[in-house]
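Everything on this sheet refers to the single structure shown next.
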2 protein chains.
Amino acid sequence: MKQEPDFELIESLFFAYRSFVGEADKILAHYGFGRAHHRVLHFVYRNPGLTIATLLDILQITKQSLARVLKELIETDFIMQQEGEDDRRQRLLHLTPAGYILAEKLSVAQSIKLNAALATIDADGHKYVRCFLKSMIKS
Amino acid sequence: MKQEPDFELIESLFFAYRSFVGEADKILAHYGFGRAHHRVLHFVYRNPGLTIATLLDILQITKQSLARVLKELIETDFIMQQEGEDDRRQRLLHLTPAGYILAEKLSVAQSIKLNAALATIDADGHKYVRCFLKSMIKS
DNA sequence: GAATTATGTCAATAAGGTTGACGTATTTCC
DNA sequence: GGAAATACGTCAACCTTATTGACATAATTC
């Protein structure tokens, strides 16, 4: 027997995600950045010293697409590159102090929103939410 | 006391959402459509006979942006417009049979993914997930 | 030394979004 | 009944983020 699609959940996820990224968008606009900059900033924040190749793997975009955004972040001094020690072809990515402050600001803003939503459910519901989201990634 | 941002949750939501929309993207590609078409298709599916103005409200985009996508969906016979009965300025939106089939196909594909993820957590965790996502929307 | 790898870059193109301006038909309101 | 507001369509210019394809350079590996 086939069952009806779970419209409620589909739409909840759509609107929830829009609300989630909208939070960061407001901050980014002050800097003239978009979501693409946010993603780069975030993953460099979280994985300091990562290579271009690794970042492309995470973001699942082409290097040509990354190039423009990364160039802007480097020129405005939010990200810096460092030659790889063992492999000098690599351009390891790091945040500048300004980049660190912005990345943190964005993460804090999104965390506040997430925590507010978590606060509406029982504490033992938190692990269900995390587990559900992680399952969505694997499949 | 300030606490560290919840990086794990932030990234889970990012990757989970990418996985969620990626599911539909594969289907849409066969029709030469993108996510913008999906959103229009979905909300017309869910709100048959809605007005252009209402759809713009839901999607939070401009009418010029909607125009192109809607035009394509009408020209390829997935959506049709019907003059409003009480207000003849309105162009009420409806799915054609083909539009209905596609919208359903997309919803089913996404539901399968959502259900698979829900299946990895206890049944009483489902309401926490739904509640959490709805709380994200309100705030 | 040759092949591979990591990265940079130029160019053309596409999807999806914006602002601003203007046109038309219809409805509402005084 | 005429003026104003509303619902929608459309033209034009522009922005962001992405794509594919081609080619260049430097460093590493075999």
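The chains referred to below are lettered A, B, ... by the order of the sequence lines, with proteins before strands, and numbering in each begins at 1. Every value quoted in this text rests on a predicted model; they were computed, and no experiment measured them.
In this structure, A:Asn47 and A:Thr54 have side chains that are not in contact, with every pair of non-hydrogen atoms separated by 4.5 Å or more. The side-chain heavy atoms of B:Tyr128 and A:Lys127, taken from C-beta on, include no pair separated by under 4.5 Å. No side-chain heavy atom of A:Leu92 sits under 4.5 Å from any side-chain heavy atom of A:Glu83.
Across A:Gln110, A:His126, A:Arg130, a single residue satisfies side chain to side chain donor-acceptor pair (under 3.5 Å) together with B:Asp6, and that is A:Arg130.
The aromatic rings of B:His42 and B:Tyr45 sit perpendicular, their planes meeting at an angle over 60°, well past the 30° parallel limit. The aromatic rings of A:Phe78 and A:Tyr31 sit perpendicular, their planes meeting at an angle over 60°, well past the 30° parallel limit.
A heavy-atom distance below 4.0 Å to DNA chain D is reached by none of the residues of residues 13-42 of chain B. Applying a 4.0 Å cut-off to non-hydrogen atoms, the residues of residues 73-90 of chain A that approach DNA chain D are A:Asp86, A:Asp87, A:Arg88, A:Arg89, listed by residue number. For the contact set between residues 59-67 of chain B and DNA chain D, defined by any heavy atom under 4.0 Å, the members are B:Lys63, B:Gln64.
Ring centroids of A:Phe132 and B:Phe20 are separated by 6.0 Å or more, keeping the two rings apart.
If you take CG of B:Leu56 and C1' of C:dG16, they are 15 Å apart, rounded to a whole angstrom.
In the hydrophobic clustering of this structure, A:Ile52 groups with A:Leu50; members are Ile, Leu, Val, Met, Phe, Trp, Tyr whose side-chain heavy atoms approach within less than 4.5 Å, directly or through other members. Under a hydrophobic-cluster definition in which Ile, Leu, Val, Met, Phe, Trp and Tyr are linked whenever side-chain heavy atoms come within less than 4.5 Å, directly or via other members, A:Met80 and A:Tyr100 are assigned to different clusters. When hydrophobic clusters are built by joining Ile, Leu, Val, Met, Phe, Trp and Tyr residues whose side-chain heavy atoms come closer than 4.5 Å, directly or via intermediates, B:Val44 is grouped together with A:Phe7.
Chain A approaches DNA chain D within less than 4.0 angstrom (heavy atoms of the protein), and the contacting nucleotides run 5' to 3' from D:dT17 to D:dT28.
Through side-chain heavy atoms spaced under 4.5 Å, either directly or across other Ile, Leu, Val, Met, Phe, Trp or Tyr residues, B:Val108 is tied to B:Ile112.
Applying the salt bridge (charged side-chain N to carboxylate O under 4.0 Å, His left out) test to B:Arg68 and every residue at least two apart in sequence or in another chain returns nothing.
Nearest heavy-atom pair, B:Thr96 versus B:Asp77, reported as atom, atom and distance to 0.1 Å: OG1-O, 2.7 Å.
Not a single donor-acceptor pair, N or O on each side, falls under 3.5 Å between the base of C:dG8 and the side chain of A:Arg91.
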